[in-house]
Amino acid sequence: FVQERGFKISLSFGRNQNFYSIYASKTYFLRIHRSFLVNPDFSTYRGSAVEIRGEKLLSISRSYKESVKKHFTIES
C-alpha cells in the first residue's frame, strides 16, 4: 500500500511473485541494481552508472554490471 499526494495505490502479489516478475513481462525494464529498474529507452549507459533522461545518475551494482554493459553495447 502506497499513499502519496492524496492517491492510494495498493500492490498485491501472489505467492512467489515480485514486482519485477509481474511487471517486466508487460513492460520492458532492465535491472541495474537490486533496488533499481530502468527503462532503457530513456537511459544512457555511463560506465558505472546509468543516466535517466539526462537528469539522474543511478549506480549499477557489481552483480549487474556485465549484463547492463552487454545490453547497452548490443543496442548501440
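I32 contributes atom CD1, which lies 8.5 Å from atom CG of L37 (distance to the nearest 0.5 angstrom). Atoms CZ and CG, from R53 and D41 in turn, are 10.5 Å apart once rounded to the nearest 0.5 Å. With rounding to the nearest 0.5 angstrom, the NZ atom of K65 is 5.5 Å from the OG atom of S48. The CD1 atom of I52 lies 11.0 Å from the CZ atom of R46; values are rounded to the nearest 0.5 Å. Atom OG of S59 is separated from atom CZ of F36 by 7.0 Å, given to the nearest 0.5 angstrom. In this structure, S43 OG and H71 NE2 are separated by 8.5 Å, a value rounded to the nearest 0.5 Å.
With sequence neighbours excluded, the residues forming a side chain to side chain contact (heavy atoms under 4.5 Å, CB included) with S67 are Y64, listed by chain and number.
Of all heavy-atom pairs between G47 and I60, the closest is O-CD1, 3.8 Å. The minimum heavy-atom distance between N39 and F29, with the atom names listed, is N-CD2, 3.7 Å.
Side-chain contact check for T44 versus V50: every heavy-atom pair is 4.5 Å or farther apart. In this structure the side chain of V68 reaches within 4.5 angstrom of the side chain of Y45, judged on heavy atoms.
Of the possible donor and acceptor atoms, one in the side chain of R31 sits under 3.5 Å from a partner among the backbone N and O of H33.
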